[in-house]
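Below is one structure, written out as structure tokens; comments come after it.
Residue numbers begin at 1 in each chain, while the letters A, B, ... track the order of the sequences.
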Amino acid sequence: MEKMYNPKVIEKKWQKIWDDEKSFAATDDYSKPKFYALVEFPYPSGQGLHVGHPRPYTALDIVARKRRMQGYNVLYPMGWDAFGLPTENYAIKNKIHPKIVTANNVKRFKEQLHSLGYSFDWDREINTTDPEYYHWTQWIFLKLFNAGLAYKKEMPINWCTSCKVGLANEEVVNGVCERCGSEVVRKVKSQWMLKITDYAEKLIEGLDEVDYIEKVKVSQKNWIGRSQGAEVDFKLKDKDEKLTVYTTRPDTLFGATYMVVSPEHPLIDKYKDEITNWDDITAYREMASKKSDFERTELAKEKTGVVLGGISAVNPVNGKEIPIWISDYVLMSYGTGAIMAVPAHDERDWEFAKKFGLPIIEVVAGGENVQEAAFTDVATGKLVNSEFLNGLEVKEAKAKIIEYLEEKGIGHSKVNYKLRDWVFSRQRYWGEPIPIVKCEKCGYVPLSEKDLPLLLPEVESYMPTDDGESPLAAMTDWVNTTCPCCGGPAKRETDTMPQWAGSSWYFLRYTDPKNTKELASKEALKYWLPVDWYNGGMEHTTLHLLYSRFWHRFLYDNGIVPTKEPYQKRTSHGMILGENGEKMSKSRGNVVNPDDIVNEFGADTLRTYEMFIGAFDLSASWSQEGVKGCRRFLERVWKLQDIMTDEDSYSKEMETKMHQTIKKVSYDFENLKFNTAIAAMMSLINDFYKAGKVTRGEFKTLITLLNPVAPHMTEELWETMNYGGRLYEAKWPEYDEAKTVESTIEIAVQINGKTKVTMDIDKDMAKDDVIAKAKEALGDKLSGNVVKEIYVPGRIVNIVAK
RNA sequence: GCGGAUGUGGUGGAAUUGGCAGACACGCUAGAUUUAGGUUCUAGUGUCCCCGACGUGCAGGUUCAAGUCCUGUCAUCCGCACCA
């Protein structure tokens with residue numbers, strides 16, 4: 001043997017060569033076919049790389065390397081989503097500038113990624129905290145502001161009473177602050193909002209033209225939560241006032257026996273003087289507002305409420321007087337903040353009516369007794385007790401009642417979404433400054449584009465202030481400025497953007513990362529977009545993925561990007577769990593550090609193992625024994641050198657297997673079936689060992705197929721074998737379909753579906769001959785009358801006998 | 001409660017269209033090499049009442065044939081939480 005397999009030496013050697021030769025740089029030759037592969041850029045945390053990171057990175061690295069060998073101009077970039085809370089908290093605790101913390105973390109992450117031999121184009125590295133980068137994040141914000149899609153609104157934030165700081169929802173665990181365990185209350189603050197709801201319909205429609213895995217599409221649609229219904233006006237009795245409700249069941253209008261408004265509904269205050277039980281109302285509202293979200297959901301089972309004394313409403317279709325209640329099961333933030341309650345056909349209304357003894361009137365027949373349970377099935381059932389709707393099916397009744405309401409001018413059809421506008425402010429230091437000033441005369445005024453980037457100033461302390469303002473608020477020199485519009489005194493916005501901002505457009509920047517004039521050139525965007533394949537975690541399906549689709553669609557509508565959708569294809573990887581099947585965490589003591597695996601076994605082994613561990617989209621438990629098995633496989637590939645012959649062709653015995661393997665590996669790599677691709681290569685080398693030899697030509701194909709998975713080792717073997725040039729520049733092997741099938745095949749012979757014997761036949765043998773041969777092979781196992789003879793070519797013979 | 005998955009040997013997992021269930025790997029058993037351990041190699045390894053039958057969470061069904069299709073059901077995991 002030439003020498004032992006020594007990954008420590010080999011891996012360093014090739015990583016250096018790839019760097020020096022810039023082997024994986026995407027070219028600006030726009031005449032070549034392109035392939036843009038993208039993985040979610042990491043948040044460079046202080047913990048360093050986790051074994052979960054390499055799973056998606058290796059997967060798309062495999063596809064990227066394969067596509068390069070197939071002649072594509074491949075863009076496979078990497079960068080840092082580096083703004084964010086943990087860095088800021090670390091900076092506060094250790095009194096180190098977040099910039100320095102970030103730089104250190106990035107350095108560590110980069111070394112770790114580098115040690116895994118990824119074919120990233122490091123010339124295009126980006127960092128969201130780089131002013132050259134956030135210049136354009138701010139620029140997009142200005143575009144949104146100028147288009148009327150950014151606005152300020154009073155919004156409750158999560159306020160930790162001990163840390164005196166606003167928390168993100170993710171930091172509130174079971175109603176208390178994640179870090180200190182103190183109570184979290186709501187505090188109302190004026191916040192920047194982005195009108196993503198204006199794009200709800202476009203974000204749903206856009207899903208039709210992309211190739212996302214189904215569960216991602218379903219999650220996005222559910223998150224947007226489109227519902228088709230109607231708004232109906234109810235008159236208040238003896239008043240010139242209407243109360244508008246939203247309902248998806250206008251067909252049940254005759255069954256509306258009461259109304260419910262949310263405790264925050266403005267109508268309540270308006271009729272304060274006429275409400276006879278104002279004290280009860282106040283007490284209830286007080287209680288509702290104090291409940292945290294956590295309590296509200298905890299107590300979700302039991303309905304509460306108070307009737308509004310002294311005022312009532314009139315059901316517009318039958319003129320009946322009905323009471324109005326307030327209850328926190330009606331949310332001010334959805335629909336109109338008021339509902340018509342139809343207890344016979346809605347479970348929540350039914351529960352409420354039962355508790356408070358309100359009438360339940362059946363208007364859709366077909367279920368059980370509505371006094372016992374609500375009947376909510378819309379597919380069956382016909383209208384009753386509903387005058388002109390009687391006898392109609394639900395669907396017909398909906399259409400007819402809407403027509404009626406529109407005619408009378410008391411209602412119309414209406415679409416609602418669960419999606420809320422995006423809260424875009426954070427009272428934090430380590431984020432992009434929002435490029436807006438507030439002028440007493442002109443209101444909120446955007447900076448002009450030429451004043452970007454608006455740099456994050458140096459501050460003394462990163463600690464938010466006592467009143468919940470960002471640390472920037474204490475920087476009076478920076479805050480006090482002049483209005484770009486009138487030149488008068490103005491104050492800068494001191495909130496910063498959320499971490500989602502920088503990641504909402506980063507894939508655009510990779511196409512032209514050093515451009516100082518635009519976020520990227522038109523030519524670069526036109527050539528590279530859309531991203532051909534984007535892989536990321538399911539946890540980003542509803543926030544990051546939706547936010548970035550929103551920004552992208554907005555940029556498309558404004559002629560800045562050439563495609564409606566940013567990502568053509570979206571796939572998702574499963575989590576890597578600890579040996580015990582639980583999520584890896586320090587407290588569970590089951591964390592595996594990728595550095596240790598690289599040191600002990602090598603990067604190629606880690607890559608192979610993570611791809612072999614199981615189906616890519618499912619979670620998988622770590623197994624150190626499994627890692628050893630993959631190292632063993634690579635050793636066996638290495639040692640094939642000992643039994644190599646110098647023929648350049650495939651040997652006769654191995655030809656079919658070679659073509660089958662090329663076909664399988666090529667297909668599997670493109671379909672995220674890395675585990676079976678690797679299994680096929682393992683099976684191939686088992687055959688080489690059984691045969692006691694491998695030809696030079698067979699070995700060449702094998703290491704080419706294996707190269708995307710184990711790039712260092714195969715590149716070394718390529719050089720040792722003198723195949724010429726570099727393996728990463730070699731051509732991807734091709735197969736001949738005709739040669740993937742053996743001329744003689746083994747098929748199973750069954751009687752009544754049970755396999756009795758197997759036999760070898762010529763693959764083109766005619767059905768009658770196969771049957772005859774099968775009967776002969778069965779001999780006296782076959783008894784009774786043959787009823788039917790089935791031959792599935794190349795697969796099976798089944799004789800049905802009685 | 002709603003939505004999405006998943007359920008196959010001792011373990012991780014294979015099985016395009018329904019067509020030989022358990023590929024590949026781990027582990028285990030026996031043997032060879034080795035002073036010994038490890039490594040490496042060879043053979044074996046679903047279960048049982050072992051010339052035969054039974055086996056893909058459970059119960060039915062369709063079919064010549066079901067892990068795969070249909071109906072019902074159970075368990076586990078993840079996401080969302082009164083969205084009218």
Side-chain angles (χ1 to χ4, degrees), chain A residues 214-216 218-219 221-223 225-227 229-230 245-250 252 256 259-260 262 293-294 296-303 327-331 333-342 345-349 351-352 416-420 538-539 541-542 574-575 577 581 583 608-609 612-615 617-630 632-633 635-636 639 667 671 673 675-686 689 746-758 787-802:
Chain A
E214 198 54 31
K215 62 177 170 180
V216 170
V218 170
S219 303
K221 279 183 191 159
N222 288 346
W223 190 260
R226 185 185 200 276
S227 85
V245 302
Y246 174 72
T247 177
T248 54
R249 296 293 304 276
T252 61
M259 299 182 81
V260 187
S262 125
D293 284 341
F294 179 65
R296 256 173 107 137
T297 53
E298 269 295 278
L299 301 170
K301 305 289 169 270
E302 186 71 359
K303 297 260 181 301
S327 173
D328 63 5
Y329 85 89
V330 174
L331 311 173
S333 51
Y334 185 79
T336 62
I339 62 160
M340 64 178 211
V342 185
H345 305 290
D346 181 281
E347 273 162 33
R348 294 151 303 181
D349 295 347
E351 222 181 283
F352 192 86
N416 262 334
Y417 304 92
K418 290 186 201 173
L419 185 67
R420 299 289 141 77
M538 278 309 286
E539 70 276 18
T541 302
T542 45
M575 247 198 301
L577 308 171
K583 213 172 152 172
T608 306
Y609 174 64
F612 188 61
I613 193 167
D617 58 332
L618 300 178
S619 56
S621 301
W622 188 264
S623 156
Q624 202 75 2
E625 294 299 332
V627 178
K628 269 161 58 183
C630 288
R632 203 173 293 162
F633 163 61
E635 296 270 8
R636 277 165 66 80
K639 280 192 258 172
Y667 176 86
N671 290 279
K673 296 174 75 153
N675 53 340
T676 50
I678 292 168
M681 290 187 274
M682 287 173 168
S683 171
L684 179 65
I685 70 159
N686 288 346
Y689 278 108
E746 193 191 55
I747 64 164
V749 180
Q750 302 180 329
I751 298 174
N752 296 335
K754 304 259 183 246
T755 302
K756 297 296 175 186
V757 294
T758 58
V787 187
K788 204 168 175 183
E789 291 157 343
I790 294 151
Y791 173 49
V792 181
R795 298 233 181 234
I796 206 162
V797 172
N798 189 13
I799 312 274
V800 186
K802 268 184 190 159

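Side-chain proximity of A:Arg795 to B:rG19, B:rA84, B:rC24: nearest is B:rG19. In the set B:rC64, B:rC20, B:rC24, the nucleotide with an atom closest to the side chain of A:Ser683 is B:rC24. Comparing atom distances between the A:Trp223 side chain and each of B:rC80, B:rC54, B:rG19 picks out B:rC80 as nearest. For A:Lys215, taking side-chain heavy atoms from C-beta onward, the closest of the listed nucleotides B:rG4, B:rG19, B:rA84 is B:rG4. Listed candidates were B:rU40, B:rA14, B:rG3. Nearest to the side chain of A:Thr676 is B:rA14. Which of B:rA84, B:rA25, B:rG4 sits closest to the side chain of A:Met682 comes down to B:rA25.
Pair check for B:rU35 finds none; no Watson-Crick or G-U wobble contact set falls under 3.5 Å. Across all strands shown, B:rC20 forms no Watson-Crick or G-U wobble pair with both key distances under 3.5 Å. In this structure, B:rA75 forms a base pair with B:rU6, meeting either the Watson-Crick or the G-U wobble geometry with both donor-acceptor distances under 3.5 Å. As the counterpart of B:rA53, B:rU47 is assigned, both hydrogen-bonding distances of the Watson-Crick or G-U wobble pattern falling under 3.5 Å. For B:rA66, there is no paired base (Watson-Crick or G-U wobble, both distances below 3.5 Å). The nucleotide B:rU42 finds its pairing partner in B:rA30, both defining distances of the Watson-Crick or G-U wobble pair being shorter than 3.5 Å. With a cut-off of 3.5 Å on both pairing distances, B:rA14 has no Watson-Crick or G-U wobble partner at all. Using N1 to N3 plus N6-O4 or O6-N4 for Watson-Crick, or N1-O2 and O6-N3 for G-U wobble, each under 3.5 Å, B:rC82 pairs with nothing.
Remark: the separation of the P atoms in B:rG79 and B:rC70 is 28 Å, to the nearest Å. Rounded to the nearest Å, the gap between the P atom of B:rG27 and that of B:rU71 is 43 Å. Taking atom P in both B:rU62 and B:rA15, one finds a spacing of 29 Å when rounded to whole Å. Nucleotides B:rU63 and B:rG13 place their P atoms 35 Å apart, quoted to the nearest Å. For the C1' atom pair drawn from B:rA43 and B:rC49, the interatomic distance equals 27 Å after rounding to whole Å. Separating the C1' atom of B:rG7 from that of B:rG19 is a span of 24 Å, rounded to the nearest Å. B:rG44 and B:rA53: their C1' atoms are spaced 22 Å apart (whole Å). Look at the P atom in both B:rC69 and B:rU56: the space between them is 15 Å, to the nearest Å.
In this model, the phosphate group of B:rG27 is approached by a side-chain N or O of A:Arg632 to a distance below 4.0 Å at OP1 or OP2. At the phosphate of B:rA65, neither OP1 nor OP2 sits under 4.0 Å from any side-chain N or O atom of A:Lys756. A close approach under 4.0 Å does not occur between any side-chain nitrogen or oxygen of A:Ser619 and OP1 or OP2 of B:rC78. Proximity of A:Tyr667 to the phosphate of B:rU16: no side-chain N or O atom is located under 4.0 Å from OP1 or OP2.
The residue A:Asn416 sits apart from the nucleic acid: no heavy atom pair falls under 4.0 Å. At a threshold of 4.0 angstrom between heavy atoms, the contacts of A:Tyr417 with the nucleic acid are absent. The residue A:Lys673 sits close only to the backbone: its heavy atoms come under 4.0 Å of sugar-phosphate atoms, none of a base. At the heavy-atom level, A:Ser623 lies nowhere under 4.0 Å from the strands shown. Counting non-hydrogen atoms under 4.0 angstrom, A:Asp617 reaches nothing in the nucleic acid. Residue contacts for A:Ala615: at a heavy-atom cut-off of 4.0 Å it reaches the sugar-phosphate backbone alone, with no base atom in range. Among the atoms of the strands shown, only primed sugar atoms or phosphate atoms (P, OP1, OP2) are found under 4.0 Å from some heavy atom of A:Ser227. No engagement by A:Glu214 is indicated, since no non-hydrogen atom pair under 4.0 Å with the nucleic acid exists. Across all strands shown, A:Ile613 has heavy atoms under 4.0 Å from sugar-phosphate atoms exclusively, and none from any base.
Atom-to-atom, CE of A:Met340 to P of B:rC82 comes out at 20 Å; the value is rounded to the nearest Å. To the nearest angstrom, C1' of B:rG4 lies 9 Å from CG of A:Asn222. As a whole-Å value, the separation of A:Glu625 CD from B:rA25 P is 15 Å. Atom pair A:Lys628:NZ and B:rU39:C1' shows a separation of 10 Å (rounding to whole Å applied). Atom P of nucleotide B:rC80 and atom CG of A:Leu419 are separated by 15 Å, given to the nearest angstrom. In this structure, the CZ atom of A:Arg636 is 12 Å from the C1' atom of B:rA25, given to the nearest Å. Between the CG atom of A:Asp328 and the P atom of B:rC82 there is a distance of 10 Å, given to the nearest Å. In this entry the distance linking CZ of A:Phe633 with P of B:rG13 reads 20 Å, nearest Å.
Residue order along RNA chain B, read from the 5' end via each residue's closest nucleotide, puts A:Asn675 first among A:Asn675 and A:Lys788. Nearest-nucleotide assignment on RNA chain B puts the 5′-proximal partner with A:Thr542, out of A:Thr542 and A:Asp349.
Contact of the A:Ser621 side chain with the A:Leu577 side chain is registered, since non-hydrogen atoms from C-beta on lie closer than 4.5 Å. Looking at heavy atoms from C-beta onward, A:Glu789 lies out of side-chain contact with A:Val797 at the 4.5 angstrom threshold. You'll find the side chain of A:Tyr791 reaches within 4.5 Å of the side chain of A:Ile747, heavy atoms only. Counting heavy atoms from C-beta on, the side chains of A:Tyr246 and A:Thr248 come closer than 4.5 Å. Considering only heavy atoms from C-beta on, A:Met538 comes within 4.5 Å of A:Val216 through its side chain. Taking the side chain as every heavy atom from C-beta outward, A:Asp346 and A:Arg249 never approach each other to under 4.5 Å. Residues A:Phe633 and A:Tyr609 form no side-chain contact, since every pair of their non-hydrogen atoms from C-beta on lies 4.5 Å or further apart.
Looking at A:Glu746, its side chain comes within 3.5 Å of the base of B:rC20 through a donor and an acceptor atom.
Anti is the classification of B:rC54, since its glycosidic angle lies more than 90° from 0. Nucleotide B:rG55 is shown with an anti base, its glycosidic torsion being more than 90° from 0.
A cation-pi geometry, defined here as NZ or CZ lying under 6.0 Å from the six-membered ring centre and within 45° of its normal, holds between A:Lys303 and A:Tyr329.
Under 4.0 Å is where a charged nitrogen must lie from a carboxylate oxygen, and between A:Glu625 and A:Lys628 at least one such pair does.
Here the closest heavy-atom approach between residue A:Thr252 and residue A:Val342 is recorded as OG1-CG2, 3.4 Å.
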